[in-house]
Amino acid sequence: MEKSKIGRRFEGKVAIVTASTQGIGFSIAERLGLEGASLVISSRRQRNVDEAVKKLEAQGIDVLGLVCHVSNAQQRKDLIEQTVQKYGKIDVVVSNAAANPSVDAILDTEESTLDKLWEINVKTSILLLKDASPHLTKGSSIVFISSISAYQPPPAMAMYGVTKTALLGLTKALATEMAPHTRVNCVAPGTVPTRFASFITDNDTIRNSIMEKTPLKRLGTPEDMAAATAFLASDEASYITGETIVVAGGMTSRL
């Protein structure tokens with residue numbers, strides 16, 4: 001979408017987006033910022049944070065960039081505390097951090113790898129919200145970033161898909177727990193050519209096969225995911241909670 005056509009749904013709001021210096025996370029942060037949000041972005045590496053902040057500030061976006069590995073309890077707490085110290089509140093949290101350290105079959109996956117997958121992809125999403133919840137405003141919004149693989153985990157990333165399935169259930173459960181003052185929703189992206197998904201999208205045969213099976217005959221873009229996330233986080237979705245929007249060009253999504 002042309003930037004001149006983007007609205008200003010987040011004027012006066014404060015949004016945290018985790019794993020937000022590249023790919024889908026960066027596009028989500030950029031979209032929220034262009035719509036007026038004061039942003040808090042994060043990444044594991046200071047260099048990535050600095051580069052992302054520079055790009056966002058060049059567009060006139062108010063942004064605070066912090067190093068945060070979501071599995072580090074102190075860094076999570078610092079993320080929340082520094083957000084509140086600077087902005088005084090939290091209106092939106094987008095939980096985007098994820099890991100996929102294995103392509104093994106589930107029963108061949110090392111226990112340490114299973115632990116990492118559950119910790120990064122599910123547990124830390126909960127722990128981050130535990131820290132953030134005292135500072136969430138009335139009418140606040142949480143958006144989890146899941147995956148089309150949540151609905152049919154593919155062989156090369158089956159356990160990753162299972163953890164993303166867990167986010168669908170977490171969305172439902174927290175939507176009930178955090179109502180009526182906070183909405184909780186989820187976006188399940190289809191295949192998007194980012195560095196995270198490069199082992200799939202850089203392979204011509206696999207990429208073409210995915211596009212052929214997708215009714216819209218193309219891969220998704222980070223901007224596609226950002227648009228859906230911004231909608232769910234905005235007041236335009238004020239009567240939507242506990243739902244997952246699949247943004248996958250028509251790919252099958254049924255549990």
Side-chain angles (χ1 to χ4, degrees), residues 1-43 49 52-66 68 79-97 125 128-129 131-146 171 174-175 178-189 220-245 247:
M1 179 181 291
E2 294 179 19
K3 293 179 182 178
S4 62
K5 296 181 179 179
I6 291 177
R8 302 287 290 182
R9 294 175 291 186
F10 296 94
E11 292 280 6
K13 294 193 174 185
V14 178
I16 295 174
V17 185
T18 61
S20 46
T21 60
Q22 297 175 346
I24 291 173
F26 179 81
S27 286
I28 291 170
E30 181 182 45
R31 179 63 184 257
L32 299 180
L34 289 171
E35 291 208 35
S38 294
L39 285 179
V40 180
I41 66 168
S42 64
S43 172
V49 171
V53 166
K54 186 176 180 180
K55 292 177 184 176
L56 294 169
E57 287 182 336
Q59 300 180 72
I61 294 171
D62 178 20
V63 56
L64 170 64
L66 300 170
C68 179
L79 179 69
I80 301 303
E81 289 176 0
Q82 291 191 49
T83 298
V84 175
Q85 183 177 356
K86 181 168 183 178
Y87 297 115
K89 63 172 183 172
I90 302 171
D91 297 292
V92 176
V93 177
V94 180
S95 182
N96 177 61
S125 295
L128 180 69
L129 292 183
D131 292 336
S133 59
H135 309 288
L136 292 172
T137 58
K138 185 176 181 179
S140 55
S141 178
I142 309 300
V143 183
F144 294 114
I145 306 301
S146 180
T171 297
L174 286 180
M178 302 183 78
H181 297 316
T182 298
R183 296 181 300 107
V184 183
N185 291 292
C186 184
V187 170
T221 68
E223 291 77 17
D224 290 329
M225 309 310 141
T229 303
F231 166 68
L232 286 176
S234 77
D235 292 339
E236 289 188 17
S238 62
Y239 201 51
I240 300 174
T241 194
E243 300 296 339
T244 297
I245 292 182
V247 189

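No hydrogens, no waters, no symmetry mates; every other heavy atom, side chains included, goes into these values. Index from 1, following the sequence.
Atom CD1 of residue Ile61 and atom CD of residue Glu35 lie 10.5 Å apart, to the nearest 0.5 angstrom. Distance check: Ile142 CD1 to Leu232 CG gives 12.0 Å after rounding to the nearest 0.5 Å. Atom CG of Leu136 is separated from atom CE of Met178 by 5.0 Å, given to the nearest 0.5 angstrom. How far CG of Leu39 is from CG of Leu32: 6.0 Å, rounded to the nearest 0.5 Å. Rounding to the nearest 0.5 Å places CG of Leu174 at 14.0 Å from CZ of Arg183. Rounding to the nearest 0.5 angstrom, the gap separating the CD atom in Glu81 from the OG1 atom in Thr83 is 10.0 Å.
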* Just do the side-chain contact (heavy atoms from CB on, under 4.5 Å) check on Val92 and Val143 with the steps written out, would you? => CA-CA 8 Å; Val92 176; Val143 183; 5.5 Å; no
* Asked: Please walk me through it: do Val187 and Ile24 pass side-chain contact (heavy atoms from CB on, under 4.5 Å)?
  -> CA-CA 11 Å; Val187 170; Ile24 291 173; over 6 Å; no
* What do the steps show when you test Phe144 against Thr244 for side-chain contact (heavy atoms from CB on, under 4.5 Å), and what is the final call? -> CA-CA 9 Å; Phe144 294 114; Thr244 297; over 6 Å; no
* **Derivation of the side-chain contact (heavy atoms from CB on, under 4.5 Å) call for Ile16 and Ile80** => CA-CA 9 Å; Ile16 295 174; Ile80 301 303; 3.8 Å; yes
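Under the rule for a salt bridge (Lys or Arg N to Asp or Glu O under 4.0 Å), Asp62 has no partner lying at least two apart in sequence or in another chain. In this structure Thr21 satisfies the side-chain contact (heavy atoms from CB on, under 4.5 Å) test together with Ile41, Ser43, Asn48, Val49, Ala52, sequence neighbours excluded. The salt bridge (Lys or Arg N to Asp or Glu O under 4.0 Å) test applied to Lys89 returns Asp91, not counting sequence neighbours.
The backbone N or O of Glu243 sits less than 3.5 Å from a side-chain atom of Asn185, completing a donor-acceptor pair. The backbone N or O of Thr229 lies less than 3.5 Å from no partner atom in the side chain of Arg31, so there is not a single donor-acceptor pair. Arg9 contributes no side-chain N or O that, together with a main-chain N or O of Asp235, makes up a donor-acceptor pair within less than 3.5 Å. Remark: the backbone N or O of Leu128 is not paired with any side-chain donor or acceptor of Asp131 at under 3.5 angstrom. Looking only at distances, a side-chain donor or acceptor of Ser20 sits under 3.5 Å from a matching main-chain atom of Ser42. Counting only distance, with no hydrogens or angles, the side chain of Thr18 and the backbone of Asn96 share a donor-acceptor pair below 3.5 Å. In terms of modelled atom types and a separation under 3.5 Å, the side chain of Ser234 and the main chain of Phe231 share a donor-acceptor contact.
By the 6.0 Å contact criterion, NZ on Lys86 is enclosed, its count of non-hydrogen atoms from other residues, nucleotides or ligands being greater than 12.
Taking all atoms of both residues into account, the shortest heavy-atom contact from Ser125 to Ser95 is OG-OG, 2.9 Å. Here the closest heavy-atom approach between residue Pro222 and residue Ser27 is recorded as CB-OG, 3.1 Å.
Looking at Val84, Leu64, Leu66 one by one, the single match for side-chain contact (heavy atoms from CB on, under 4.5 Å) with Leu79 turns out to be Leu66.
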